[in-house]
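Before any comments, here is the structure.
Residue numbers begin at 1 in each chain, while the letters A, B, ... track the order of the sequences. In what follows, every heavy atom counts, from backbone to side chain, and hydrogens, waters and symmetry copies are set aside.
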Amino acid sequence: MTDRDPPFALRVLAAVRRIPVGRVATYGDVAAAAGRPRAARAVGNIMRECRRPDVPCHRVIAAGGRLGGYGGSEALKRSLLIAEGIEVSGARIRALERVRWKAPQSNARHSRRRLKN
DNA sequence: AATCTGACTGTTG
DNA sequence: CCAACAGCCAGAT
């Protein structure tokens, strides 16, 4: 149809809002949930701007369970996560796969051409 | 339309 | 584990 996807930023914010308390998602996970599995970097840029209280941006972490950024206060991000019951060891989320949130599989959207082959 | 930016990610040494 | 590099992306200039 003529309807186009809503702005990527909006879809990202919507996805982040769906992350349950006590769970986390990597920038890549959020990008995938927003329909752009390779747009992790773009997600980071959006998070940087997002200061909405209704968006739990502290639950968005970097790949490998690393904390990632948080307006320069990653110590605060760490505290918020721990306060939700997430185990954090140094700058690493422990047992990431156990608290990692994944958006439910959605029907293929546009099918990004995965290059030939 | 071209270029720059950066809360990213995977690979390589 | 850390640093350098390269690939990838959407939004702002």
TODO: Could you pull out the closest heavy-atom pair between A/Thr26 and A/Ala63, with the gap in Å?
DONE: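 Taking every non-hydrogen atom into account, CG2-CA, 4.2 Å.
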TODO: Might you point out which heavy atoms bring A/Lys77 and A/Gly68 nearest each other, and give the distance in Å?
DONE: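 Minimum heavy-atom separation between A/Lys77 and A/Gly68: NZ-C, 4.0 Å.
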Just the table, please: protein N/O against nucleotides 11-13 of chain C N/O, every pair under 3.5 Å.
none

TODO: Report whether A/Val60 and A/Leu80 are members of the same hydrophobic cluster (ILVMFWY, side-chain heavy atoms less than 4.5 Å apart, transitive linking).
DONE: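 As far as the 4.5 Å side-chain criterion goes, A/Leu80 and A/Val60 are not connected within one cluster.
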- [ ] To the nearest Å, give me how far apart CG (A/Asn45) and P (C/dC8) are.
- [x]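 Atom-to-atom, A/Asn45 to C/dC8, this comes out as 17 Å.
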TODO: For each nucleotide in nucleotides 1-6 of chain C, reading 5' to 3', give B when a protein heavy atom comes within less than 4.0 Å of its base, S when such contact involves only the sugar-phosphate, and - otherwise.
DONE: ------
TODO: Using modelled atom types only, decide if a donor and an acceptor are shared between the side chain of A/Arg51 and the backbone of A/Glu49 within a distance under 3.5 Å.
DONE: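 Pair found, side chain donor or acceptor close to backbone of A/Glu49.
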TODO: Please confirm whether the backbone N or O of A/Asp29 pairs with a side-chain atom of A/Lys102, one donor and one acceptor, at under 3.5 Å?
DONE: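 The answer is no, because no donor-acceptor pair under 3.5 Å joins these two groups.
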- [ ] For DNA chain B, note the earliest and the latest nucleotide, 5' to 3', having some atom under 4.0 Å of a heavy atom belonging to chain A.
- [x]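 Counting from the 5' end, contacts occupy B/dG6 to B/dG10.
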Kindly indicate whether the side chain of [X], heavy atoms from C-beta on, has any atom under 4.5 Å from the side chain of [Y].
{"X": "A/Leu76", "Y": "A/Tyr70", "value": "yes"}
{"X": "A/Ile61", "Y": "A/Leu81", "value": "yes"}
{"X": "A/Val30", "Y": "A/Ile46", "value": "no"}

Open item on the list: Can you list everything that forms a side-chain contact (heavy atoms from CB on, under 4.5 Å) with A/Ala42? Sequence neighbours excluded, please.
Closed with: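 Only A/Phe8, A/Ala39 meet the side-chain contact (heavy atoms from CB on, under 4.5 Å) criterion with A/Ala42.
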Task: With sequence neighbours excluded, residues passing side-chain contact (heavy atoms from CB on, under 4.5 Å) with A/Ala62 - done: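 Result, side-chain contact (heavy atoms from CB on, under 4.5 Å) vs A/Ala62: A/Tyr27, A/Arg66.
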- [ ] Output every pair passing side chain to side chain donor-acceptor pair (under 3.5 Å) with a member in residues 81-94 of chain A, not counting sequence neighbours, ordered by first then second residue.
- [x]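 Passing the test, one end in residues 81-94 of chain A: A/His58-A/Glu84, A/Arg59-A/Glu84, A/Glu87-A/Arg98.
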Less than 3.5 Å apart, which donor and acceptor atoms pair up between the side chains of residues 14-25 of chain A and the rest of the protein, not counting sequence neighbours?
unit_1  : atom_1 : unit_2   : atom_2 : d
A/Arg17 : NH1    : A/Asp54  : OD2    : 3.1
A/Arg23 : NH1    : A/Arg100 : O      : 3.4

Open item on the list: When you measure from the side-chain N and O atoms of A/Arg38 to the phosphate of C/dG7, is any distance below 4.0 Å, counting only OP1 and OP2?
Closed with: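 Answer is no, no contact under 4.0 Å.
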Task: Between CD1 on residue A/Ile93 and CZ on residue A/Arg78, distance to nearest 0.5 Å - done: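 A/Ile93 CD1 to A/Arg78 CZ: 9.5 Å, rounded to 0.5 Å.
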- [ ] Please list residues of residues 59-68 of chain A whose heavy atoms come under 4.0 Å from any atom in DNA chain B, ordered by number; otherwise none.
- [x]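 Within this stretch, A/Ala62, A/Ala63 sit under 4.0 Å of the strand.
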